[in-house]
Student: 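Quick one: structure below, then a few questions.
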Amino acid sequence: MSSHQLPSYLDPNDLGPWGIYLQQIERVTPYLGSLSRWVETLKRPKRVLIVDVPVELDNGTIAHFEGYRIQHNTSRGPGKGGVRFHQDVTLSEVMALSAWMSIKNAAVGVPYGGAKGGIRLDPKTLNIKELERVTRRYTSEIGIIIGPNKDIPAPDVNTNEQIMAWMMDTYSMNLGSTSTGVVTGKPVALGGSLGRKEATGRGVFVTGAEAAKRLGIELKNARVVVQGFGNVGGIAARLFSEAGAKIIAVQDHKGCLFNESGFNIPELLSYSSQSGSIYNYPHGQAVSQDDFWSIESDFLIPAALENQITIKNANKIKTKIIVEGANGPTTPDADDILKDNGILVIPDVVANAGGVTVSYFEWVQDFSSFFWTEDEINQRLVRVMTEAFTAVWGVAQDKNVSLRTAAYIVACSRILQAREMRGLYP
Ligand code: GLU
């Protein structure tokens, strides 16, 4: 990889998730025709903001957290993407996540560029008041680059409606007027959208079902394995089980459980929300991480963090369809192994785009102060996801490439066409 592709603030020996993203861009470049002239645009974020977030803890000490907001691309519209609170957040990770948002938003055709934010902190170590102070100070620090027409944050790993409410309030207080459209994923009472919370999981289900139709796999009694039982994995599991599928294995941060005849998902969801984990749930058998990946299934849904399916475990996977609920769960090397083994991968930038699609609906509703019914939202969501999946499937067939490369062909062409039409300033 030549060094001119790397912003100098990244360590070339430790590219992390950004390195994976660059490999994905390398793979799509031969398919971009004359637009490849602009491809360098995608290899560096437009704007990177790193902020210090100092907060007084209840024990009197002053803690400093590292915060980020990165706008990868704004050729097709304002930046858009979530904010993640996690102890392992790094610059490389947030850069990759912001770029994946550019690709995702273009792949499903919502009029946004890509952005992402994060704070390097373990939210479990703070009480609710401390978490509020961190959120508010972070929002104030990134306030210079966000806004309803500039860059619109949303929930991601370990962030939720309450955090969006604090972000909206902080931005609005600094502005002097209430600006609901500055973040999405807000509580419904504050300009949030019905259906937003379930939207990512619903999109995972819709794209999984579309793929199953094409491969002739019945959802009834299909065996489903889910990694991550939070907002994405939990909802996807519920929808698959409502369609008659059996959720036979689940993994969360505390461990993995297996149940040959399929879990009672509503019961497991309420157990996990009460006790904070699926750990010790009585109606399942504990399995090791290693065994988890080799459980035979029809669908495998990674819905946790990036870098989960790698050369270390890709060969063990015995499934038919992988639906990427998480962002970046599969490395390019693992992609190759899965392809050789005849496993279909529905890439993150399509499979988990339901969340940002309903974020887009929320933003539109906020601008017009006119709110839609949940049915309208779900119908529109299904339409956007089905159309995006169908378009990507068509390109994959046409060019004989993976669904990921096809999604990147569609998305990068849209971004770079916009880039070319806008032209360089000055
Ligand atoms: N964090 C979600 C994602 O990774 C949603 C982003 C949004 O709604 O802006 O797609």
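We count ligands from 1, going down the list as the structure has it; atoms in each ligand are counted the same way. Both backbone and side-chain heavy atoms feed into the values below; hydrogens, waters and symmetry mates do not.
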Student: Considering only protein heavy atoms, which is closest to atom 3 (C) of ligand 1, and at what distance to one decimal place?
Tutor: K104 NZ, 3.3 Å

Student: Consider only side-chain N and O atoms of E93 and Y68, and report whether a donor and an acceptor are under 3.5 Å apart.
Tutor: no

Student: Is the closest side-chain donor-acceptor distance between N158 and H86 under 3.5 Å?
Tutor: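 H86 and N158 do not have a side-chain donor-acceptor pair below 3.5 Å.
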
Student: When only distance counts, is K116 in polar contact with ligand 1, meaning an N/O pair under 3.5 Å?
Tutor: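 Yes, there is a polar N/O contact under 3.5 Å.
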
Student: Please work out, at 4.0 Å between heavy atoms, whether the side chain, the backbone, both, or neither of R196 comes within that distance of ligand 1.
Tutor: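 Just the side chain.
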
Student: If you measure from atom 2 (C) of ligand 1 to every heavy atom of G325, G203, P155, S359, which option wins on shortest distance?
Tutor: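 That would be P155.
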
Student: So which of A353, A154, G355 gets nearest to atom 7 (C) of ligand 1, if we judge by its closest heavy atom?
Tutor: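 Considering heavy atoms of A353, A154, G355, the nearest to atom 7 (C) of ligand 1 sits in A154.
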
Student: Among side-chain atoms of S140 and N174, is any donor-acceptor pair under 3.5 angstrom?
Tutor: yes

Student: Without hydrogens or angle criteria, can the side chains of S75 and N73 be said to hold a donor-acceptor pair below 3.5 Å?
Tutor: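 Their side chains do contain a donor-acceptor pair, which is all the 3.5 Å distance test asks for.
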
Student: Any idea how Y360 and Y112 line up, ring-wise: parallel (<30°), tilted (30 to 60°), or perpendicular (>60°)?
Tutor: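 Geometry flag for Y112 against Y360: perpendicular rings.
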
Student: Below 4.0 Å, non-hydrogen atoms only: which portion of P153 touches ligand 1? Side chain, backbone, both or neither.
Tutor: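 Neither part.
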
Student: What atoms of ligand 1 come closer than 4.0 angstrom to any heavy atom of D156?
Tutor: 1 (N), 2 (C), 4 (O)

Student: Any idea which atoms of ligand 1 are less than 4.0 Å away from a heavy-atom of M101?
Tutor: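 In order of numbering, the contacting atoms are 3 (C), 4 (O), 6 (C), 10 (O).
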
Student: Between Y138 and F85, how do the two ring planes meet: parallel, tilted or perpendicular, split at 30° and 60°?
Tutor: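 Rings of Y138 and F85: perpendicular, over 60°.
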
Student: Are W100 and Q24 close enough that a side-chain donor and a side-chain acceptor fall under 3.5 Å?
Tutor: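 Yes - a donor-acceptor pair under 3.5 Å links their side chains.
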
Student: Okay, side chain of S92, backbone of W18: is any donor-acceptor separation there less than 3.5 Å?
Tutor: yes

Student: Of the side chain and backbone of N327, name the one, both, or neither that has a heavy atom under 4.0 Å from an atom of ligand 1.
Tutor: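 Only the side chain of N327 comes within reach of ligand 1.
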
Student: Under 4.0 Å from any heavy atom of G81, which atoms of ligand 1 are there?
Tutor: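 Ligand 1 atoms under the 4.0 Å threshold to G81: 9 (O).
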
Student: Which of the numbered atoms in ligand 1 are under 4.0 angstrom from any heavy atom belonging to K80?
Tutor: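 Listed by number with element, the hits are 7 (C), 8 (O), 9 (O).
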
